[in-house]
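All ligand and atom numbering here is 1-based and tracks the order in the structure.
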Amino acid sequence: MENNQRGFTSNIGAIAAAAGSAIGLGNIWRFPYTLGQNGGGAFLLIYIIFVIFLGVPLMMTEFAIGRRSQSNVVGAYRVLSPKHKGWMGIGILGLICGFMIYSFYSVVAGWTLNYIALSATGGFAGKDAAAVGEIFTQFTQSSYLPLITQAAFLILTGVIVVMGVQKGIEKFTKILMPILFLLMILLCVRSVTLDGASEGLKFLFKPDFNNFTATGVLSALGQAMFSLSIGMGLLVTYGSYIRKNDDLLKTSVCIAGTDTLIALLAGIAIFPAVFAFGLSPESGPSLVFITLPNVFNNMPLGMVFAILFFVLLAIAALTSTISLLEILVLWAVEELKMKRITATILISFVIFAIGAVCSLSLGSWSDFTIGGLCVFDLFDELTATYFMPIGALAFTIFFGWFYRKEEVWNELSNGGTLKAKYFKIYYFIIRYIAPLALIIVLITGALGIGN
Ligand code: TRP
């Protein structure tokens with residue numbers, strides 16, 4: 001099982017890495033703005049339902065496919081279905097997703113670096129909400145600065161991936177995630193005690209289905225997939241490192257639970273402040289980068305906390321970018337027989353080029369749109385809202401309908417050593433509920449019904 005070419009070899013390392021990949025910009029940056037654009041509380045409710053009834057079973061399925069096949073995402077389907085090679089398409093779709101996500105993700109990850117610098121030099125001090133918003137707009141719309149920070153982030157990630165990620169990720173995740181967690185709680189306390197905070201809490205927790213559309217359901221599903229890193233085969237790879245005697249249900253529940261908790265804390269830190277400062281919850285990708293500096297401006301030692309927060313956000317992003325690069329590199333090494341270092345450099349350059357287009361599409365190239373979306377938004381939406389659910393649909397059909405039931409049971413019960421009483425429910429979800437739900441959501445969302 002141990003394969004030295006691969007990034008992670010220990011079990012805890014694999015679980016820590018899966019958690020590290022899950023917790024990232026998706027929780028703190030993407031979740032709040034997607035929720036804000038989709039009406040608040042109703043979105044949250046649907047999101048949580050998706051995480052429990054689809055997220056957890058889908059995560060277990062990816063882990064099981066990886067652990068059963070002991071292979072990377074493309075190879076896994078070759079091993080489990082030697083006769084029908086078409087299933088390998090799932091792996092290829094996953095790779096395309098990986099390229100697209102890493103491209104825009106590294107742009108945003110770069111923003112966090114700039115925000116560390118800005119907070120450290122007192123860039124937000126004494127500014128009102130409008131001025132803080134202006135800083136974001138000017139920065140992201142400028143042509144070269146975001147490209148430099150993106151490149152810096154790519155280099156950082158590349159160096160770690162080349163040096164080997166085993167020890168690094170595990171240590172990072174174990175020490176820094178709890179600090180991130182504590183800091184988020186502190187931010188929540190500050191945010192909910194601001195004058196006018198209750199409006200924000202109402203927005204977040206009170207489901208109002210009047211403003212909620214079919215696209216909102218699709219976005220909630222996409223966000224759940226994105227946040228849990230499901231549907232692109234990453235978890236297949238990590239599943240291949242999970243020990244045979246580990247309980248896949250427990251592992252998945254832990255990861256999904258922590259991930260959702262962090263997203264919720266981000267919501268509680270952000271929405272009360274959004275309403276208290278008279279900002280719009282619908283502002284999109286800029287939401288966090290404008291709201292939180294305002295919160296910091298309004299707390300004692302704000303500058304210290306601001307630096308700390310953006311450092312932690314950068315690290316949370318880093319554990320995700322490492323995973324993103326790792327899947328791409330692993331594929332190039334195992335399937336294209338490239339050297340690890342060559343693959344890392346080549347892929348990073350490709351990502352930089354595509355990422356640069358994403359970045360510029362927010363500023364000087366914003367006139368160029370496809371379906372009304374700039375390239376950045378298009379990548380974001382295409383991957384989370386369509387490709388990842390399509391990938392998930394394909395592997396549930398594979399595991400629920402084509403793969404033998406006894407084998408599925410065998411893998412989830414660790415060869416019969418676990419009782420796995422949940423198996424019936426799991427299998428029912430994987431076979432019927434998940435594919436149906438995914439199909440319905442994809443179709444209604446694509447048709448824009450309810451808009
Ligand atoms: N889950 C990550 C986040 O919330 C984003 C992500 C999606 C990801 N797919 C991934 C990260 C694959 C690493 C690998 O930030």
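For atom 3 (C) of ligand 1, the nearest non-hydrogen atom of the protein is Ala22 O, 3.3 Å. The nearest heavy-atom contact from the protein to atom 13 (C) of ligand 1 is Ser320 O, 3.3 Å. Ranking the protein heavy atoms by distance from atom 8 (C) of ligand 1 puts Ser229 OG, 3.5 Å first. The shortest contact between atom 15 (O) of ligand 1 and any protein heavy atom is with Tyr105 OH, 2.4 Å. From the protein, the heavy atom lying nearest to atom 2 (C) of ligand 1 is Ser21 O, 3.0 Å.
Every atom of ligand 1 is numbered from 1 in the order shown, and the set under 4.0 Å from a heavy atom of Leu234 is 12 (C), 14 (C). Set against the non-hydrogen atoms of Gly26, the atoms of ligand 1 under 4.0 Å away are 3 (C), 4 (O), 15 (O). Listed by atom number, the atoms of ligand 1 under 4.0 Å from Ser227 heavy atoms are 1 (N), 4 (O). Taking every heavy atom of Met232 and a limit of under 4.0 angstrom, the matching atoms of ligand 1 come to 9 (N), 10 (C), 12 (C). Against a heavy-atom cut-off of under 4.0 Å, Ser323 is close to the following atoms of ligand 1: 13 (C), 14 (C).
Screening residues 305-334 for ring pair (Phe, Tyr, Trp, His ring centres under 6.0 Å) gives Tyr115-Phe310, Phe296-Phe309 as the qualifying pairs, with residues at least two apart or on separate chains.
Residue Phe31 places every heavy atom at 4.0 Å or more from ligand 1. Within the 4.0 Å heavy-atom shell around ligand 1 one finds Met388.
A perpendicular orientation is assigned to the rings of Trp29 and Phe376, their planes being inclined by more than 60° (bins at 30° and 60°).
With Arg190 contributing its side chain and Ala269 its backbone, the two residues share no donor-acceptor pair below 3.5 Å. Not a single donor-acceptor pair under 3.5 Å links the side chain of Glu381 to the backbone N or O of Leu378. Between the side chain of Gln37 and the backbone N or O of Gly216 there is no donor-acceptor pair closer than 3.5 Å.
Other residues, nucleotides and ligands place no more than 12 heavy atoms under 6.0 Å from the NZ atom of Lys250. Within 6.0 Å of CZ in Phe53 there are 12 or fewer heavy atoms belonging to other residues, nucleotides or ligands. Around the CG atom of Leu182, the shell of radius 6.0 Å holds more than 12 heavy atoms that belong to other residues, nucleotides or ligands.
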Show me the side-chain donor-acceptor pairs of residues 388-400 shorter than 3.5 Å, one per line, residues at least two apart or across chains.
| residue | atom | partner | partner atom | Å |
| --- | --- | --- | --- | --- |
| Thr396 | OG1 | Ala392 | O | 3.1 |
| Thr396 | OG1 | Leu393 | O | 2.8 |

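Contacts between Phe226 and ligand 1 below 4.0 angstrom, taking non-hydrogen atoms only, involve backbone and side chain alike.
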